[in-house]
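The block underneath contains the structure these notes are about, expressed in structure tokens.
Computed over heavy atoms, backbone and side chain alike; hydrogens, waters and symmetry mates excluded. Proteins come first, then strands; the chains are lettered A, B, ... in the order of their sequence lines, and each starts at number 1.
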Amino acid sequence: MADFPATLRYSVEHEWVDDGTPATVGVTSVAADALGDVVYLELPEVGSTIEAGAVVGEIESTKSVSELYSPVTGTVVEVNQAAVDEPALVNSDPFGAGWLFKVDVTGTGDLLSAEEYAAHTG
Amino acid sequence: MLSEDPQQKKTPLHDEHVALGASLTGFGGWLMPLRYTSDLAEHRAVREAAGLFDLSHMGEIHLVGPEAATALDHAIVGNATAIGVGRARYSMLCAEDGSVLDDLIVYRLADEHFLVVANAGNAPLVARELTERAARFDVVVDDRSDATALVAVQGPRAEEIVASLTDDADVEAVRTLRYYASTRATVAGVETLVARTGYTGEDGFELFVPAERAAELWKAALAAGEGHGLVPAGLSARDSLRLEAGMPLYGHELDTTTTPYEAGLGRVVKLDKVSDDGTPIEFVGRAALKARSESQPARVLVGLRGEGRRPARAGYDVVVRRPDGSAGVEVGTVTSGAPSPTLGCPVAMAYVTPEVSAEGTELAVDVRGRAEPFVVVPLPFYTRS
């Protein structure tokens, strides 16, 4: 099984969130691999309020469409326009350049450590 | 991620797919490779170099006997008698009401020997129907699907790759093999039926071999193709390749609610076929198909090219595009849709009412509640140069 960055926390829906202020959210390599080549991203709007566990967007790959869940509650302050323009970044660098959006966090859902997430996906 | 269904059959190449790290998916009752690395990379490899496909899920049904051609003429909509030895035709098996039970490729291997290749999910039904329909003729229907593996090499480099694997004595026959023709050859040391057919819109070969020799051929093809840019390619790439090439997929463009005419494939129905002595041949579905051929279909298959970025998917509604871009009344249904790697925009096939089927008609597809602009374009989306 792949190594997951220890500094991040993970949702069972395969999103990750860092501990920054604002916090950065993306999808994991497990999600990216399962989706196949990502071709379209629908991300929440800047300024919108999102809730942990709620659907906030869509990730569309060559073969399928998946809902994007937020791992945290808060206000969206930035979306990754580079990833919207070039969705393949989600496949090539899901924990880096393929991040999705940033949130001023007011609360989180149930999140897993890297080790717990590895066990969950293993 | 993967739930293994014990009911799903595994092809003779299953271990090869696992060793290559393929993502697997259920298809037509089989556990098949969906992709090995990337759908897009596999798609592009086939367009630019070559791809290697495991198609062992397909059904291979042989008809052997003095009345093989006559029996087939009665059973399918095409004209088997007219197929020359060594040649092949695209055809269909229809029900009495003219609906499509499966689309097929029919190879004439010898004067009294035909091979019918059926879709995976339909193969048992096709074998049953052929057996039933051929019962009163002097012919043996033999379903050899389980004993047969099918490996395809598709793409502009396919000829070089297959030729490099072929015994010297057979190389010329393989290189000069015409589209929709077949020949027997020794490939990678394996007795192979080599057919110049495919489902990708590229030049390519389909190699029928005994199931127990499939892995040998597969590994030899991967090794021989390495320097030519060949990669193993999964069902995901196969689907986007055939969609670009405007080829129907049973269960999407064709099914038991469709006759060949709606699908724009009326040309495969030989209403006026006659036997060697000139008498008209009655075949299953002929009366219904004749009536259908004389009337305007309620819906027709069209190509749609997306003007935005969001692909339409099978099952989505096609709607009238209002002047402000919003969705109007429903006029059809998408049967297949995907982002086209070659064209760089979404493409789809859809059944629509004849009034909105003209080339250039501006329509929209309801993509999960939003009207995405699409325009009617001729099929296929892609033709090799």
Side-chain angles (χ1 to χ4, degrees), chain A residues 1-2 4 10-16 27-45 54-69 79-94 98 100 112 117-122, chain B residues 1-3 21-27 32-46 233-244 249 252 306 308-316 334 336-348 365-370 372:
Chain A
M1 207 66 221
F4 302 110
Y10 301 86
S11 73
V12 293
E13 287 94 7
H14 308 291
E15 282 83 26
W16 57 261
V27 295
T28 70
S29 51
V30 173
D33 290 349
L35 286 164
D37 296 298
V38 176
V39 295
Y40 183 83
L41 290 175
E42 169 109 0
L43 299 178
E45 281 179 31
V55 174
V56 296
E58 287 178 357
I59 301 185
E60 182 143 20
S61 67
T62 45
K63 284 302 278 181
S64 63
V65 189
S66 297
E67 290 178 324
L68 175 65
Y69 297 86
V79 297
N80 185 359
Q81 194 56 43
V84 171
D85 293 340
E86 197 193 334
L89 287 173
V90 174
N91 295 109
S92 59
D93 193 7
L100 298 180
L112 309 174
Y117 180 67
H120 171 73
T121 57
Chain B
M1 298 262 101
L2 172 73
S3 53
S23 301
L24 302 171
T25 189
F27 181 80
M32 298 299 294
L34 178 64
R35 71 178 66 87
Y36 298 86
T37 56
S38 144
D39 301 341
L40 294 171
E42 292 164 24
H43 181 110
R44 291 195 182 110
V46 174
L235 288 186
S236 183
R238 182 168 162 84
D239 192 38
S240 52
L241 288 158
R242 70 91 195 166
L243 174 58
E244 285 185 345
L249 173 61
H252 288 251
R309 289 176 58 189
R310 305 178 90 201
R313 303 287 180 180
Y316 289 6
V334 173
S336 297
S340 162
T342 309
L343 277 66
C345 64
V347 296
V365 174
D366 182 345
V367 177
R368 300 182 294 285
R370 213 177 311 162
E372 288 290 324

Using non-hydrogen atoms and a 4.5 Å limit, figure out which bit of L41(A) sits close to chain B: side chain, backbone, both or neither.
neither

Mind checking the NZ-CZ spacing from K63(A) to R35(B)? Nearest 0.5 Å is all I need.
8.5 Å

So which part of S38(B) gets closer than 4.5 Å to some heavy atom of chain A, the side chain, the backbone, both or neither?
both

Bottom line for N91(A): the part with an atom under 4.5 Å from chain B's heavy atoms is neither

Donor-acceptor contact present, side-chain D39(B) to main-chain T62(A), <3.5 Å
no

In sequence, state the C-alpha distance, the side-chain angles, and the governing distance for R368(B) and E42(A), and then conclude on side chain to side chain contact (heavy atoms under 4.5 Å, CB included).
CA-CA 12 Å; R368(B) 300 182 294 285; E42(A) 169 109 0; over 6 Å; no

Under the salt bridge (Lys or Arg N to Asp or Glu O under 4.0 Å) rule, collect the residues that match up with R313(B), sequence neighbours excluded.
E60(A)

Spacing of OH belonging to Y40(A) relative to CZ belonging to R309(B), to within rounding of 0.5 Å
7.0 Å

